[in-house]
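The chains referred to below are lettered A, B, ... by the order of the sequence lines, with proteins before strands, and numbering in each begins at 1.
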2 protein chains.
Amino acid sequence: MKKISRRTIPRTLLYLRTLESLIKEGRYTVSSGELARITGLTDVQIRKDISNFGRVGTPRIGYKTRELKNILKDYVLPENIIRMVLFGAGSLGTAILKYPGFRKQRLKISAAFDKDKRKTGKTINGVKVYPVERAPEVIRKSRVDIGIIAVPSEHGQEVADLMVGSGLKGIVNFAPVSLNLPENVSARDIDLSIEFLALYCDTRM
Amino acid sequence: MKKISRRTIPRTLLYLRTLESLIKEGRYTVSSGELARITGLTDVQIRKDISNFGRVGTPRIGYKTRELKNILKDYVLPENIIRMVLFGAGSLGTAILKYPGFRKQRLKISAAFDKDKRKTGKTINGVKVYPVERAPEVIRKSRVDIGIIAVPSEHGQEVADLMVGSGLKGIVNFAPVSLNLPENVSARDIDLSIEFLALYCDTRM
DNA sequence: TTGTAATCGTTACAAATTTCACGATTTTTA
DNA sequence: TAAAAATCGTGAAATTTGTAACGATTACAA
């Protein structure tokens with residue numbers, strides 16, 4: 001299995017999203033050129049990315065939407081559901097729990113945790129909110145893959161430590177703080193202020 | 001003014017965040033090595049990024065936290081407040097309206113818009129929710145820089161068109177759909193499913 | 001059946017980004 | 001005062017990423 005370059009992965013997920021939308025519209029085929037117009041990337045890049053996954057297109061026609069979707073899925077989607085847990089049932093945490101886009105993807109939030117006793121015990125969008133103390137136990141019991149940090153930044157590190165201690169290997173961190181993590185744990189930081197300010201810089205150049 | 005490479009901008013914003021935190025702890029100086037340990041980047045990359053902004057460090061000492069902060073600010077933060085508007089006052093929109101990290105940065109949401117008459121008229125965290133029809137008028141009146149899309153994906157494009165029509169030059173798009181935008185409008189897409197799935201791929205490699 | 005147009009896949013090329021290596025500078029210490 | 005230690009800044013090398021060019025392939029039309 002060919003090694004896939006770091007940046008092609010999110011692009012491939014984007015192709016998948018696009019293909020699913022085209023399939024829903026009833027489209028049977030699509031060319032790299034059209035995918036380029038839709039996604040804002042270039043046709044060459046799309047062909048090159050797809051060539052990682054084998055010779056799958058047909059000259060003069062393009063790609064069969066369903067076939068390409070299935071091939072890409074093999075590389076970037078897991079066979080089973082990805083189980084996630086969420087820390088922090090504030091407004092951001094609640095928004096994540098209610099996010100409708102996870103259902104189609106194979107993403108599922110198994111449990112949520114919060115420090116605040118007024119929030120624990122509730123169920124938000126079908127997900128139970130436990131007190132943080134129960135996190136290690138609940139995580140171990142249900143084979144969780146990814147943890148989400150949606151707590152105030154001053155508690156980010158302690159929550160991260162708790163996750164690492166419970167065996168999680170992937171963290172998505174919405175708290176605007178740099179986490180100190182062991183080598184074998186992957187993280188993805190989403191700092192809204194940085195996203196917005198970076199966009200602002202883009203508009204000025 | 002030297003041209004700053006695309007990827008150094010978000011890193012510079014990260015340095016700024018880190019410096020502000022160090023300053024709050026009372027630190028006067030910091031070395032590239034320590035910034036590297038905190039942020040997870042390498043010391044060379046940090047020195048090289050900073051060298052874009054002039055010779056500001058002192059050998060054997062490192063960087064003065066306040067001085068470096070002020071210099072970086074000049075390059076990546078605007079003089080004035082950045083005004084933003086939000087489309088979609090659902091749970092994600094509400095979370096963005098309540099996001100506490102914007103206050104320290106120079107980011108301010110001036111107004112929100114929603115289609116749903118049950119949501120309009122309210123005020124969420126001090127921000128008034130208007131019916132979408134009033135968007136062009138409100139945007140023009142208050143010199144807005146950036147628009148945020150937090151509506152269901154099937155309405156993403158129409159909202160984007162409305163934003164472009166109202167003169168916005170930057171869009172942050174949380175809807176999992178590719179927007180068709182004119183050349184002169186910058187966009188940043190944040191698709192939560194893609195973020196989570198990409199992280200999952202990272203954990204498997 | 002042959003020619004033509006559209007599109008893919010791939011090799012070579014270019015650009016951007018990161019890493020390396022090391023000289024220069026400054027503080028501290030002997 | 002001279003040597004040592006720590007750190008910066010930077011040109012060059014290496015790597016990664018993206019782009020261009022173009023031959024190969026296929027469907028379709030004449």
(request) Please list, chain by chain and in numerical order, all residues satisfying salt bridge (Lys or Arg N to Asp or Glu O under 4.0 Å) with Asp189(A), sequence neighbours excluded. (result) none

(request) Would you tell me if any nitrogen or oxygen in the side chain of Tyr63(B) comes within less than 4.0 Å of OP1 or OP2 on dG9(D)? (result) yes

(message) Quick one about Ser178(A) and Arg17(B) (side-chain donor to acceptor, distance below 3.5 Å, no hydrogens or angles considered), yes or no?
(response) yes

(request) Indicate yes or no: does Asp202(A) engage Arg6(B) in a salt bridge with an N to O separation below 4.0 Å. (result) yes

(message) At under 4.0 Å between heavy atoms, how does the protein contact nucleotides 12-19 of chain C? Give one character per nucleotide, 5' to 3', with B, S or -.
(response) B----SSB

(request) Specify the separation, in whole Å, of atom NZ of Lys64(B) and atom C1' of dT7(D). (result) 15 Å

(message) Which residues pass the side chain to side chain donor-acceptor pair (under 3.5 Å) test with Lys64(B), not counting sequence neighbours?
(response) none

Pairs under 3.5 angstrom only: tabulate donor-acceptor contacts from the side chains of residues 130-138 of chain A to other protein residues two or more places apart or in another chain.
unit_1: Glu133(A); atom_1: OE1; unit_2: Lys117(A); atom_2: NZ; d: 3.4
unit_1: Arg134(A); atom_1: NE; unit_2: Glu137(A); atom_2: OE1; d: 3.2
unit_1: Arg134(A); atom_1: NH2; unit_2: Glu137(A); atom_2: OE2; d: 2.9

(message) Contact list please: residues 24-38 of chain B against DNA chain D, heavy atoms, distance less than 4.0 Å, in numerical order.
(response) Ser31(B), Ser32(B)

(message) Please report the distance, rounded to the nearest Å, between CD1 in Ile46(A) and P in dT10(C).
(response) 17 Å

(message) Can you list everything that forms a side chain to side chain donor-acceptor pair (under 3.5 Å) with Arg106(A)? Sequence neighbours excluded, please.
(response) none

(message) In whole Å, I'd like the distance from the CG atom of Asn52(B) to the P atom of dG11(D).
(response) 12 Å

(request) Return the value, rounded to whole Å, for the distance between atom CG of Asp43(A) and atom P of dC8(C). (result) 8 Å

(message) Going by salt bridge (Lys or Arg N to Asp or Glu O under 4.0 Å), name the residues that satisfy it together with Asp49(A), two or more places apart in sequence or in a different chain.
(response) Arg11(A)

(message) Could you work out, with salt bridge (Lys or Arg N to Asp or Glu O under 4.0 Å) as the rule, every residue matching Arg27(A), not counting sequence neighbours?
(response) Glu34(A)

(request) Keeping to residues at least two apart or across chains, list the side-chain hydrogen bond (donor to acceptor under 3.5 Å, both in side chains) pairs with something in residues 156-171 of chain B. (result) Lys115(B)-Glu158(B), Gln157(B)-Asp161(B)

Provide a list of protein-nucleic acid N or O atom pairs under 3.5 angstrom, restricted to nucleotides 22-27 of chain D.
unit_1: dA27(D); atom_1: N3; unit_2: Arg60(A); atom_2: NH1; d: 3.3

(request) Hey, could you give me each pair passing ring pair (Phe, Tyr, Trp, His ring centres under 6.0 Å) that has a residue in residues 11-37 of chain A? Not counting sequence neighbours. (result) none

(message) Restricting to salt bridge (Lys or Arg N to Asp or Glu O under 4.0 Å), what partner residues turn up for Glu195(A), sequence neighbours left out?
(response) Arg188(B)

